[in-house]
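If you're wondering where the values come from, they're calculated on a predicted model, not measured in any experiment. Here is the naming used below: chain letters follow the sequence lines, and residue numbers restart at 1 for every chain.
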Number of protein chains: 2
Amino acid sequence: MPTSTNQHNAGNLGFLKRLNRSAILEMVRRSPGMTRADIATHARLTKATVGTGVQSLLARKWLTEGDLKKSSGGRPGRALYLNDEHYALIGAEVGVHGLRMVACSLNGDILDQHHEHLPPTTPEITARHLAECLQTLLAGPAVAERHCLGLGIAVPGPIAPGQTVLRLAPNLGWRDVPFLDLLQQYLPAPEGIWLMDNEAKAAAFGELYFRTGDIPDSLLYVSAGTGIGSGLVEGNPWPVVTRGVQGLAGEIGHTILQPGGLYCHCGNRGCAETLVSGWTIRAALGIAEEDDLYEALASRLHDDEVQRTLKRAGQALGTLLLNLHHTQNPSEIVLGGSLTRLGPALLEPALSYFEASQNRLLGISQHIPLRIIEDSTFIAARGAAAQVLAHAIHDPDAVNRASL
Amino acid sequence: MPTSTNQHNAGNLGFLKRLNRSAILEMVRRSPGMTRADIATHARLTKATVGTGVQSLLARKWLTEGDLKKSSGGRPGRALYLNDEHYALIGAEVGVHGLRMVACSLNGDILDQHHEHLPPTTPEITARHLAECLQTLLAGPAVAERHCLGLGIAVPGPIAPGQTVLRLAPNLGWRDVPFLDLLQQYLPAPEGIWLMDNEAKAAAFGELYFRTGDIPDSLLYVSAGTGIGSGLVEGNPWPVVTRGVQGLAGEIGHTILQPGGLYCHCGNRGCAETLVSGWTIRAALGIAEEDDLYEALASRLHDDEVQRTLKRAGQALGTLLLNLHHTQNPSEIVLGGSLTRLGPALLEPALSYFEASQNRLLGISQHIPLRIIEDSTFIAARGAAAQVLAHAIHDPDAVNRASL
DNA sequence: GCGGCTTGGTTAATTAACAGAACTAACCCA
DNA sequence: TGGGTTAGTTCTGTTAATTAACCAAGCCGC
């Protein structure tokens with residue numbers, strides 16, 4: 001978990017040095033083209049301190065110098081940028097319909113990606129499969145030249161904070177799987193950071209962290225697919241994912257929207273997932289698990305039954321969003337997951353309800369931005385890669401040292 | 001907002017010194033009786049660093065030395081404690097039924113308290129009234145001898161982060177009131193920290209921060225009174241209150257529990273408050289606003305109508321708690337507010353539903369502790385005082401300097 | 001085009017914080 | 001009573017930020 005202070009919250013001189021290097025790096029990452037002088041004023045450090053810090057970050061290939069900036073009467077400063085050529089980040093997602101993996105540059109650009117179809121199977125087979133694909137990815141021309149900072153894995157289930165065990169993945173049929181350890185058995189490389197997180201939380205982190213321009217204070221990612229989950233990222237300048245004690249934060253699919261409603265697979269009644277989710281829509285419209293939901297519905301989208309079902313589901317989704325707004329009140333909401341491909345039939349009722357209701361309480365017209373991702377295929381994998389970067393940035397000198 | 005790093009997340013030597021002093025102080029606060037050697041090992045600082053830090057904190061009366069500890073073969077260490085005699089913290093709550101204020105010691109012990117009955121009125125009258133009462137409190141024998149670190153105010157409505165404006169307080173009939181500024185006009189003293197926060201968020205902070213023994217990683221306070229609100233505190237070792245962009249985090253009373261249900265005063269339908277809250281229970285049972293809810297119900301508690309009403313409300317409360325569990329998953333839940341006085345008729349249905357449902361998802365028997373506060377009269381005021389302490393602790397040397 | 005003016009960035013000496021080792025203090029135990 | 005052990009301090013050393021001087025590189029007005 002990225003944190004700007006060490007575990008015990010006290011620090012020595014080395015910690016201070018690290019802190020300042022991270023701060024410089026993070027500032028340049030967020031505002032590409034800053035000069036040393038800009039950094040000094042914004043970070044309230046002296047020119048000298050920034051100078052040596054930048055020098056070290058240049059030497060370690062974290063930064064590159066760009067052109068001279070326009071002068072405003074004095075000597076022009078030299079623009080600094082994240083060195084987008086030297087390092088690579090690897091992210092992967094274990095999903096219900098297969099494995100997805102990406103290699104990213106420090107700016108979050110995807111260097112290489114791969115989608116491997118794989119129906120739910122045992123953790124061992126999955127790990128072996130993933131290890132093979134990752135090895136190919138690592139050896140590929142886009143990555144092989146770069147220094148790999150680490151690997152992040154996104155999985156469809158809750159993970160308790162500080163743990164590497166996937167507690168439950170109903171859609172994979174897994175329970176208490178130490179997936180990261182398993183993967184490590186089959187995959188020696190890369191060295192560096194290894195981490196695993198819930199799919200929606202990884203996605204949320206990536207959507208916030210790899211944002212170009214102003215980074216919002218907080219962001220909620222709602223992942224609407226076979227199940228429904230969410231991830232909340234908060235904190236400036238060091239965003240952190242909210243997990244909860246048992247890793248259950250964001251299990252919004254099991255939030256009750258209809259007391260006494262239908263039974264959910266979790267055993268409770270009236271969960272949000274009984275109203276919106278891949279599996280309820282499938283159940284309501286008689287679509288088999290093996291079929292692609294979008295393809296199965298494409299031809300029937302204008303059927304009355306389909307329309308009614310999706311509208312009902314959309315309204316529930318809108319209610320869910322409103323509840324999250326009044327519980328967590330994020331700066332921004334991003335809606336992804338396979339259900340967004342169903343388009344306006346599902347989303348329009350959700351959005352119109354949410355837009356109409358969200359400001360009733362304060363009576364203001366300040367709307368929370370809500371963005372919909374139509375193709376969220378690689379979002380979670382990229383988010384896991386972002387988490388690797390966030391870790392690495394906290395000790396930028398470490399990557400060139402012997403052990404991380 | 002207490003944060004261990006400065007705003008720009010870079011630091012100089014002075015920052016490092018402050019950080020380490022805070023860390024020492026916080027460690028002793030949490031584990032009274034630690035010795036210098038204990039601190040050194042836990043904080044990973046050297047004995048020398050801890051020694052000088054402790055010396056300075058002793059000189060500034062933040063700490064006191066206690067007895068020698070039992071030796072285990074070597075020289076016994078000297079126990080260190082928070083100096084509970086020198087400083088005072090002031091907290092106040094502006095509530096629907098009046099003003100409450102407390103003076104606390106650093107350990108959170110209440111030195112003096114006052115409850116002033118005051119029906120909802122204008123912000124100006126309220127501020128003047130509060131200022132007078134606070135002046136009396138400050139001049140009282142329990143406080144006058146002490147150095148006052150500052151004043152925290154808890155109010156029944158949302159406050160956007162970093163602001164001192166109460167955006168909305170439906171139960172007071174206020175909107176966009178700069179209450180802290182207003183109060184400052186009538187009350188010159190105390191110098192130091194001034195802050196204002198939502199009542200449930202202040203309460204949450206206090207319940208976590210003034211806890212004796214192990215402090216949980218996170219805590220959710222649910223305030224069930226005229227309206228329903230919650231506050232979530234997270235973070236170790238520096239707990240932080242979650243606010244949301246507009247300060248709406250924790251407005252759980254306006255979370256939809258019954259889509260298409262009754263109209264709420266906020267304009268939406270089926271809000272939690274239409275099912276559980278002082279005002280719905282009053283409306284359902286025909287109790288006037290002026291009457292004390294508890295007293296009005298005391299004689300009728302075994303009426304069928306009352307029982308039915310409270311049971312329904314209790315079930316809704318249980319659902320609300322479950323939803324919070326699956327959204328935020330706090331380490332611990334504390335339930336307070338005037339409704340807890342209604343006892344088992346309301347609480348038993350809530351708890352039994354929550355207990356039965358909370359572990360369905362993970363299929364484990366690890367329960368989240370849920371504590372009920374029967375008398376939460378001064379909880380929010382004390383919480384506001386705790387927030388003052390949390391601020392002060394981040395720069396323990398500052399209080400003796402000229403300006404804070 | 002040639003000095004002032006302004007801003008960017010580096011360098012060398014200084015300051016201030018933590019670190020390390022030696023030392024004293026205080027207790028236990030045999 | 002002396003050796004072993006742990007607590008805490010002191011002195012010296014190391015490290016990182018700071019200060020101030022300096023050089024670099026543009027602008028501007030004459």
TODO: Let me know, please, whether A:Q55 or A:G74 comes out on the 5' side of the other along DNA chain C by nearest nucleotide.
DONE: A:G74

- [ ] In whole angstrom, give the distance that lies between atom CZ of A:R18 and atom P of D:dA17.
- [x] 12 Å

Task: Given C:dC18, C:dT7, C:dA22, the nucleotide with the shortest approach to the side chain of A:S72 - done: C:dT7

TODO: From the options C:dG9, D:dT18, C:dG20, select the nucleotide whose nearest atom is closest to the side chain of B:T46.
DONE: C:dG20

Open item on the list: Side chain of B:L68 only, heavy atoms from C-beta on: which candidate in D:dT9, C:dC27, C:dA17 is closest?
Closed with: C:dC27

- [ ] Using only side-chain N and O atoms of B:R36, determine if any of them is under 4.0 Å from OP1 or OP2 of D:dT9.
- [x] yes

- [ ] Output yes when at least one side-chain N/O atom of A:N12 is less than 4.0 Å from OP1 or OP2 of D:dT15, else no.
- [x] no

- [ ] Starting at atom CE of A:M34, determine the distance to atom P of C:dG9, rounded to an integer number of angstrom.
- [x] 11 Å

- [ ] Could you please name the option among C:dA17, D:dG26, D:dA7 that lies closest to any side-chain atom of A:S71?
- [x] D:dG26

TODO: Would you mind telling me which of C:dC18, D:dT6, D:dC23 lies closest to the side-chain atoms of A:R75?
DONE: D:dC23

Task: Residues A:R243 and A:D197 bridged, charged N to O under 4.0 Å - done: yes

Open item on the list: Rounded to whole Å, how long is the line connecting atom CD1 of B:I39 with atom C1' of C:dC18?
Closed with: 16 Å

Task: Euclidean distance, atom NZ of residue A:K69 to atom P of C:dT7 [Å, nearest integer] - done: 15 Å

Open item on the list: Closest-nucleotide mapping onto DNA chain D: is A:L16 or A:P76 further toward the 5' terminus? I mean the 5' end.
Closed with: A:L16

Open item on the list: Looking at A:K69 and A:G33, would you say the former's side chain and the latter's main chain have a donor-acceptor pair under 3.5 Å?
Closed with: yes

- [ ] Could you give me the CA-CA distance, side-chain angles and deciding distance for A:D397 and A:R18, then say whether salt bridge (charged side-chain N to carboxylate O under 4.0 Å, His left out) is met?
- [x] CA-CA 8 Å; A:D397 291 356; A:R18 221 162 41 238; over 6 Å; no

Task: Contact check, side chains of A:R78 and A:D67, non-hydrogen atoms, under 4.5 Å - done: no

Task: Value in whole Å for how far the C1' atom of D:dT18 lies from CZ of A:R44 - done: 16 Å

TODO: Would you check if A:R211 and A:E332 make a side-chain contact, meaning some heavy-atom pair closer than 4.5 Å?
DONE: yes

TODO: Name the residue closer to the 5' end of DNA chain D, choosing between A:A48 and B:A37 according to the nucleotide with the nearest heavy atom.
DONE: B:A37

Open item on the list: If you only use heavy atoms from C-beta on, which nucleotide in D:dG8, C:dT10, D:dT18 is closest to the side chain of A:T49?
Closed with: D:dT18

- [ ] With heavy atoms under 4.0 Å as the rule, sort A:G73 into base, sugar-phosphate or nothing.
- [x] base

Task: A:N20 side chain near D:dA17 phosphate (N/O to OP1/OP2, under 4.0 Å) - done: yes

- [ ] Would you mind reading off the distance between A:L80 atom CG and C:dG8 atom C1', rounded to a whole angstrom?
- [x] 12 Å

Open item on the list: Side-chain N or O of B:K17 versus OP1/OP2 of C:dA17: is the shortest distance under 4.0 Å?
Closed with: yes

Open item on the list: It should be established whether A:T35 places a side-chain nitrogen or oxygen under 4.0 Å from OP1 or OP2 of nucleotide C:dG9.
Closed with: yes

Open item on the list: Taking the six-membered ring for Trp, are A:H394 and A:W238 closer than 6.0 Å centroid to centroid?
Closed with: yes

- [ ] Identify, between A:L13 and A:A79, the residue whose nearest nucleotide on DNA chain C lies closer to the 5' end.
- [x] A:A79

TODO: In whole angstrom, give the distance that lies between atom CG of B:L45 and atom P of C:dG20.
DONE: 11 Å

Task: For atom CZ of A:F15 and atom C1' of D:dA16, their distance in whole Å - done: 14 Å

